Engineer: 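Below: one structure in structure tokens.
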Amino acid sequence: MNLTIQIGRFTRDPEILYGEQQAIKCVKVDIAVPREFSLSDDDPTADFFHCVAFKASAKFIAQHCKKGDRVAIRGRFQNNNFTKSDGSKVYGDQLIIDKIEFAQTKPDQNEENFHPPDEETPFKD
């Protein structure tokens, strides 16, 4: 079974690729997923994955997502291997997004200046 769930932040704005009649063909994004631990100080603190979305997921990302958004992605890894014109092989993989949702909402800019009215707490100790 090839199934993965990743929670992280987009490292760049979505790259939208269009097909016929300007319909969204696919969307490419990159995600940084923080590591829970590291073995040494030289270990990276996050893993970076190239992602591709099609159909409804692509449309959602194109309309609602941008760099820095924290998202939860469910999908599968797929090889993206190819041979260059000089005959050398290039190996890679990409995460194919099946489902995506926001994992965190960003606070409204006005919340910083919001102060609730002074009221007594209805419950007393």
Side-chain angles (χ1 to χ4, degrees):
M1 179 184 308
N2 184 354
L3 176 67
T4 185
I5 298 172
Q6 304 292 327
I7 298 175
R9 294 193 183 275
F10 286 142
T11 61
R12 63 183 173 111
D13 285 331
E15 176 186 344
I16 304 166
L17 303 175
Y18 294 96
E20 295 178 16
Q21 301 175 4
Q22 293 299 313
I24 295 174
K25 179 180 175 184
C26 71
V27 172
K28 294 181 178 183
V29 291
D30 293 335
I31 188 172
V33 179
R35 289 189 178 178
E36 302 242 342
F37 66 91
S38 62
L39 299 174
S40 70
D41 291 338
D42 295 338
D43 277 351
T45 59
D47 292 299
F48 298 85
F49 301 109
H50 299 295
C51 305
V52 179
F54 301 94
K55 300 181 181 178
S57 296
K59 188 174 180 181
F60 177 84
I61 293 169
Q63 292 176 348
H64 303 289
C65 297
K66 63 187 177 313
K67 179 180 177 177
D69 285 343
R70 187 167 188 253
V71 294
I73 293 174
R74 183 186 72 192
R76 66 188 188 281
F77 280 101
Q78 181 173 299
N79 290 334
N80 190 22
N81 306 334
F82 62 94
T83 305
K84 289 184 176 180
S85 58
D86 65 1
S88 61
K89 291 227 177 222
V90 177
Y91 297 94
D93 55 20
Q94 58 190 1
L95 193 159
I96 306 298
I97 297 171
D98 293 328
K99 185 176 180 180
I100 182 170
E101 22 182 282
F102 286 109
Q104 175 183 354
T105 58
K106 291 189 176 183
D108 187 12
Q109 302 241 345
N110 295 330
E111 284 185 17
E112 290 179 12
N113 299 325
F114 175 74
H115 300 286
D118 291 329
E119 294 181 10
E120 288 189 27
T121 310
F123 304 104
K124 303 228 184 221
D125 292 331

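What you see is a predicted model, and the numbers here were worked out from it, not measured in a lab. Scope of the values below: all heavy atoms of this structure, side chains included, with no hydrogens, waters or symmetry mates.
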Engineer: Can you tell me how far apart CZ (R76) and CG (D98) are? Round to the nearest 0.5 Å.
Structural biologist: 5.5 Å
Engineer: Do F54 and I96 have side-chain heavy atoms sitting under 4.5 Å apart?
Structural biologist: yes
Engineer: What pairs meet the ring-ring contact (aromatic ring centres under 6.0 Å, His included) rule with one or both residues in residues 62-90, with sequence neighbours excluded?
Structural biologist: F49-F77, F60-H64
Engineer: Please find the pair of heavy atoms, one from G75 and one from L95, that lie closest to each other, and give the distance.
Structural biologist: CA-CD2, 4.3 Å
Engineer: Shortest non-hydrogen contact from Y91 to N81?
Structural biologist: CA-OD1, 3.3 Å
Engineer: Of the non-hydrogen atoms in I31 and C51, which two are nearest, and what is the gap between them?
Structural biologist: CG2-SG, 3.6 Å
Engineer: Do F102 and I73 land in one hydrophobic cluster if side-chain heavy atoms of ILVMFWY residues count as linked below 4.5 Å?
Structural biologist: yes
Engineer: Check for me, please, whether V52 and V29 land in the same ILVMFWY cluster - side-chain distances under 4.5 Å, paths through other members count.
Structural biologist: no
Engineer: Does the pair T45 and R35 meet the rule for a side-chain contact (heavy atoms from CB on, under 4.5 Å), with working shown?
Structural biologist: CA-CA 5 Å; T45 59; R35 289 189 178 178; 5.8 Å; no
Engineer: So, taking the atom named CG in D93 and the one named CG in N79, what distance separates them when rounded to the nearest 0.5 Å?
Structural biologist: 7.0 Å
Engineer: Quick check against the 3.5 Å criterion: does R74 have a side-chain atom that pairs as donor or acceptor with the backbone of I5?
Structural biologist: no
Engineer: For residues I61 and I97, determine if any side-chain heavy atom of one lies less than 4.5 Å from a side-chain heavy atom of the other.
Structural biologist: yes
Engineer: Would you name the heavy atoms of A53 and A58 that are closest together and state the gap between them?
Structural biologist: O-CB, 3.4 Å
Engineer: Return the minimal non-hydrogen interatomic distance between P34 and G8, and the atom names on each side.
Structural biologist: CD-CA, 4.4 Å
Engineer: Roughly how far, to the nearest 0.5 Å, is CG of D13 from NZ of K66?
Structural biologist: 8.5 Å
Engineer: What pairs of residues pass the salt bridge (charged side-chain N to carboxylate O under 4.0 Å, His left out) test when at least one of them lies in residues 20-32, not counting sequence neighbours?
Structural biologist: R12-D30
Engineer: Using 0.5 Å steps for rounding, measure from the SG atom of C26 to the NZ atom of K59.
Structural biologist: 15.5 Å
Engineer: Using 0.5 Å steps for rounding, measure from the CG atom of D69 to the CZ atom of R9.
Structural biologist: 8.0 Å
